[in-house]
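The structure under discussion appears below in the form of structure tokens.
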Amino acid sequence: IDPNYVITRTGEVIGEFGRLYEQQYAVALFNKVRFDIEGGGGPQPQLLRRKTPLENRSIFSGALFQFLEENKKWRNRFLFVPDSYNMNYYDNKASHERGLHPKGTINCAGYKVLTSMDQYLELLNNSLPDVKAKVGNTPFLKCATEFLLILWHPYARHYYFCVVTEKEQKKWHAVFQDCVRHTNDGLLEESKVQTPAFTDSVRLFRQAHGQYGTWEMMCGAPPQILANLVMETLLPEVRDLITPGLKGKMHERQRNWMLICDAVYGLVVRQAQAQYEAVVQSCEAGRPLLEASIRTDMDQIITSKEHVSNKIKAVALPKAEKLLKVSIQPYISSILEALMEPTSRGFSEVRDVFFRELVDMSKNTVNDSTKEKLGEHMEKISMLAFHPVKMQSCYEKVEDLSLDGLQQRFDVSSPSVFVQRAQILMREQMDDAVYTFEQILHQSLEDQGPEGLCKNIQRCQDRVIKKFDYDSSTVRKRFFREALLQIFIPYMLKQLTPSVASELPRFQELIFEDFSRFILVENIFEEVVLHSVMKDIMMAVKEAAVQRRHNLYRDSIVLTSSDPNLHLLGDNPAIDWAGEYGTGPEEGQGQDEVEGEETGDSGEAHRRRRMKQVVSMIQLDGSPILVNESCLEVPSVDGIPEEREGEGEDQDAPSSPEIVHQDPVKVNATTPKQKKKAPPPPVQPENSPSPALTNGSVLKGGESVTIVSVAPEVQTKISEDVTQEAEREEKYLEIESSLQDSENTASAIESAIQEIENAVQEEDSEPGVEVACQMFVRSCQLSLSLIVVTKQKKHGLAMAALELERPQTDLEPD
């Protein structure tokens with residue numbers, strides 16, 4: 001195909017779009033200035049918004065297999081996902097750490113993530129529906145493993161990956177989906193002029209070509225969206241030119257067609273980007289004069305617009321109301337319910353995930369309330385909203401959204417447009433809740449200190465949950481209104497335009513020439529149609545809120561701010577929990593600098609290597625390892641743990657949120673030097689509390705403590721075989737009889753504790769002996785605390801104390 005033909009067709013489309021953009025830019029600027037002057041109503045959000053959520057963060061990195069089109073072979077690749085969500089892949093991890101250029105970069109906008117070859121072949125066969133050729137016996141590609149991950153795009157290159165386990169596939173799938181979700185959302189909401197001007201121009205362009213309704217390829221940055229707009233008309237023309245010349249088997253023709261599409265799409269993207277930047281630059285250059293004119297004549301522009309709007313209403317409103325009564329009103333409630341149910345379940349899951357994380361942190365801080373442990377937990381929670389594995393359960397709830405039976409009637413291409421928007425809002429809501437909790441908790445710690453940490457966490461949690469519920473209701477109601485408008489407005493415009501469009505030009509004569517850039521009759525006509533249906537949509541959403549369906553709040557409920565100065569915290573810099581409450585930034589920074597000098601890393605390469613990562617993978621026992629590197633072993637700062645209790649795959653994480661162990665105590669563990677068989681655990685009375693160690697740790701009921709020492713006396717006693725259990729039972733029976741006088745026994749134990757501590761301080765003992773003695777002291781202290789309680793029930797609870805903790809009482813202090 002001739003590149004000049006592609007360039008020419010791209011120029012034609014972008015030229016038409018550019019004329020629309022210049023018109024809509026002036027209108028968007030007028031709306032923005034008017035909003036700044038008059039202000040906007042509506043409830044104010046209660047939660048704070050983070051400004052730079054992913055500063056100095058990466059999302060994920062690891063190794064996996066990639067299929068190379070060049071030699072049709074699978075190769076090991078190291079894939080790195082930065083905060084931009086553009087995936088970079090390298091030959092190996094060392095290439096990334098040295099700061100070398102990646103082998104390639106994948107912008108996931110417009111892609112779909114597939115996990116089976118059947119899904120891929122179905123989409124592939126639809127790309128060339130008219131091809132009739134003999135199907136070859138060989139498959140499209142031979143997979144290295146059964147766990148596939150395919151990135152499919154209607155125009156761009158396809159990418160094929162595979163991993164070695166199903167667990168890896170699920171996690172990579174969640175990461176890939178998050179990359180697609182984030183890059184699809186490429187239009188900046190902060191740009192109050194360029195973004196509305198761009199979206200309105202694209203919509204008007206498609207409507208001028210008879211294409212109404214939602215558009216699934218409205219994804220990515222503006223140049224990508226424009227390239228998709230060009231390919232929507234260019235691709236059928238290219239297919240008609242290329243298809244007759246394709247030869248070979250079906251898979252070969254499909255592969256060649258994909259290569260041609262990718263080459264054409266790449267050329268279109270480059271042309272669209274250059275021409276779009278030129279259009280934007282031209283409009284921005286004239287912005288100061290436009291804005292000055294708007295501010296000078298604001299009142300006259302508003303008066304003129306209202307006059308023209310009343311004239312258009314007289315013509316279009318009766319037709320719109322008739323269409324509304326017959327074709328729109330009967331479907332509002334059913335479509336609203338189809339939107340509310342899965343979306344509300346998704347937001348409810350966001351609330352539950354946030355609540356569970358805080359509860360787990362509270363339980364762990366009960367056992368260990370040190371600043372270091374608090375910093376570790378908060379460092380993990382701070383990135384919860386951007387953890388694709390943690391958030392996957394929330395995203396899956398809204399993926400059930402279905403508009404079956406209504407898509408064709410109202411020209412809705414796919415519910416994916418609404419699913420993606422709801423997921424973006426869910427992620428924002430989660431991050432707002434996390435960030436607000438961070439700021440409130442940090443302020444509380446500064447005012448009150450670490451005392452009563454669990455109570456502080458609980459109070460902050462309750463305040464944030466209340467604010468979350470209010471904001472969640474507000475966000476969802478706005479989402480429902482916008483979604484219903486996106487469904488109904490294009491349908492109404494399609495029905496009304498043929499009868500109204502011919503009358504619109506005469507209204508343009510009513511507008512003063514000086515104001516004609518800011519008042520367009522086409523925009524006023526759409527506003528009239530919008531206001532005609534908006535009343536019914538608002539009523540339907542209000543009725544759902546009055547009935548408290550899906551935990552929606554009524555508009556009359558205004559949450560008075562219990563934190564009048566909370567918004568001031570939003571201006572604070574991000575909290576470095578690891579640096580402020582952990583080991584300290586200075587020590588870690590110094591160590592990093594030394595490591596960088598020793599290895600000869602450049603500053604940028606060292607920064608890449610030390611960049612904190614949101615998601616960390618977990619090594620599976622017995623899982624196969626890729627050559628040189630594994631996508632299960634990802635060196636990174638420990639992120640939020642993906643697995644919950646019971647899976648037991650992360651050996652570094654506690655098996656339950658309630659269990660936290662501190663060094664040097666090791667629970668159910670042995671050192672590499674010695675592996676001793678621990679004595680059988682004592683029988684734990686049902687519903688009895690777990691014994692607590694003096695260092696704040698908790699022993700799980702039924703677990704034993706193994707103490708390893710190099711002292712001969714202690715080593716000999718610990719090394720005894722289980723067969724000597726009977727002899728020890730006799731000694732414990734003797735101790736039981738000595739517990740009849742609890743006060744005398746307590747005094748004896750206190751004296752023994754003091755003697756042991758004095759002996760340890762006076763003698764230069766080996767580390768193992770000191771650890772063993774400390775453990776013995778703790779055991780005695782536990783027995784002492786239980787003996788004090790047994791003054792009323794001496795015999796029964798004394799036996800329970802012996803069964804819970806069996807100290808080595810026959811060892812001498814020396």
Side-chain angles (χ1 to χ4, degrees), residues 3-36 84 86 107 109-110 155-156 183-212 215 217-235 237 264-295 301 508 511 513-524 526:
N4 293 327
Y5 173 76
V6 177
I7 294 174
T8 302
R9 293 290 291 115
T10 303
E12 293 174 357
V13 174
I14 304 301
E16 183 179 352
F17 165 84
R19 290 187 290 274
L20 291 172
Y21 184 85
E22 291 176 355
Q23 297 174 359
Q24 297 302 316
Y25 184 90
V27 175
L29 181 60
F30 166 76
N31 293 333
K32 191 260 183 187
V33 174
R34 182 178 181 181
F35 181 85
D36 293 341
S84 65
N86 289 328
N107 185 300
Y155 313 129
T183 52
N184 279 350
D185 188 35
L187 297 176
L188 300 178
E189 295 184 4
E190 296 79 10
S191 179
K192 302 300 183 182
V193 178
Q194 292 186 12
T195 297
F198 179 83
T199 55
D200 288 343
S201 300
V202 171
R203 177 176 50 79
L204 291 172
F205 179 91
R206 300 187 76 247
Q207 290 178 2
H209 292 78
Q211 296 169 325
Y212 293 81
W215 185 34
M217 293 307 294
M218 186 80 172
C219 50
Q224 293 171 296
I225 297 175
L226 290 179
N228 297 337
L229 194 66
V230 173
M231 293 296 289
E232 193 174 25
T233 56
L234 180 61
L235 188 65
E237 300 174 6
V264 172
Y265 186 66
L267 179 58
V268 171
V269 170
R270 291 189 295 271
Q271 293 294 318
Q273 182 171 2
Q275 297 182 39
Y276 172 71
E277 291 176 353
V279 172
V280 172
Q281 186 177 1
S282 174
C283 292
E284 288 294 325
R287 176 169 178 168
L289 293 177
L290 287 176
E291 189 166 349
S293 177
I294 292 172
R295 294 186 181 277
I301 296 174
Q508 192 69 36
I511 304 173
E513 185 177 357
D514 294 342
F515 306 154
S516 60
R517 299 194 63 181
F518 313 116
I519 305 174
L520 300 178
V521 292
E522 293 83 1
N523 292 66
I524 296 178
E526 292 187 358

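What you see is a predicted model; the values in this text were computed from it and never measured. Just so you know, residue 1 is the first one in the sequence shown, and it goes up from there.
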| request: Decide yes or no on side chain to side chain contact (heavy atoms under 4.5 Å, CB included) for Gln211 and Glu232, but give the supporting numbers first. | output: CA-CA 11 Å; Gln211 296 169 325; Glu232 193 174 25; 3.6 Å; yes

Interatomic distance, [X] atom [atom1] to [Y] atom [atom2] [nearest 0.5 angstrom]:
X: Met218; Y: Leu187; atom1: CE; atom2: CG; value: 5.5 Å
X: His209; Y: Thr233; atom1: NE2; atom2: OG1; value: 7.0 Å
X: Leu204; Y: Thr199; atom1: CG; atom2: OG1; value: 9.5 Å
X: Tyr265; Y: Leu235; atom1: OH; atom2: CG; value: 11.5 Å
X: Ile511; Y: Ile524; atom1: CD1; atom2: CD1; value: 5.5 Å

| message | Determine whether Val268 and Tyr155 satisfy the following criterion, side chain to side chain contact (heavy atoms under 4.5 Å, CB included), listing intermediate values before the conclusion. | response | CA-CA 11 Å; Val268 171; Tyr155 313 129; over 6 Å; no

Any non-hydrogen side-chain atom of [X] less than 4.5 Å from a side-chain atom of [Y]?
X: Val264; Y: Met231; answer: yes
X: Val193; Y: Arg287; answer: yes
X: Leu290; Y: Phe518; answer: yes
X: Trp215; Y: Leu229; answer: yes
X: Pro3; Y: Leu267; answer: yes
X: Val230; Y: Val6; answer: no

Contacts of Asp36 meeting salt bridge (charged side-chain N to carboxylate O under 4.0 Å, His left out) (sequence neighbours excluded), chain-then-number -> Lys32

Heavy-atom pair of closest approach, residues [X] and [Y]:
X: Gln224; Y: Gly220; result: OE1-CA, 3.5 Å
X: Gln275; Y: Gly11; result: OE1-CA, 3.7 Å
X: Gln23; Y: Leu520; result: CB-CD1, 3.9 Å
X: Asn4; Y: Thr8; result: O-OG1, 2.7 Å

Heavy-atom donor-acceptor pair, [X] side chain to [Y] backbone, under 3.5 Å:
X: Asn184; Y: Gly110; answer: yes
X: Ser293; Y: Leu289; answer: no
X: Thr195; Y: Leu188; answer: yes

- prompt: Using the ring of each side chain (for Trp, its six-membered ring), is Tyr276 parallel, tilted or perpendicular to Phe17, with breaks at 30° and 60°?
  reply: tilted

So salt bridge (Lys or Arg N to Asp or Glu O under 4.0 Å) across residues 6-26, not counting sequence neighbours, yields Arg9-Glu12, Arg9-Glu237

Here the salt bridge (Lys or Arg N to Asp or Glu O under 4.0 Å) pairs for residues 186-205, sequence neighbours left out, are Glu189-Arg421, Asp200-Arg203, Arg203-Glu526

- Have Gln24 and Asn523 got a donor and an acceptor in their side chains that come within less than 3.5 Å? yes

Is it the case that the ring center of Phe205 lies less than 6.0 angstrom away from the ring center of Tyr21? no

Sequence neighbours excluded, the answer for side-chain contact (heavy atoms from CB on, under 4.5 Å) partners of Ala272 is Ile14, Leu226

The side-chain contact (heavy atoms from CB on, under 4.5 Å) partners of Thr183 (sequence neighbours excluded) come to Tyr85, Asn86, Asn107, Cys108, Ala109

For Phe30, the ring-ring contact (aromatic ring centres under 6.0 Å, His included) test, sequence neighbours excluded, returns none

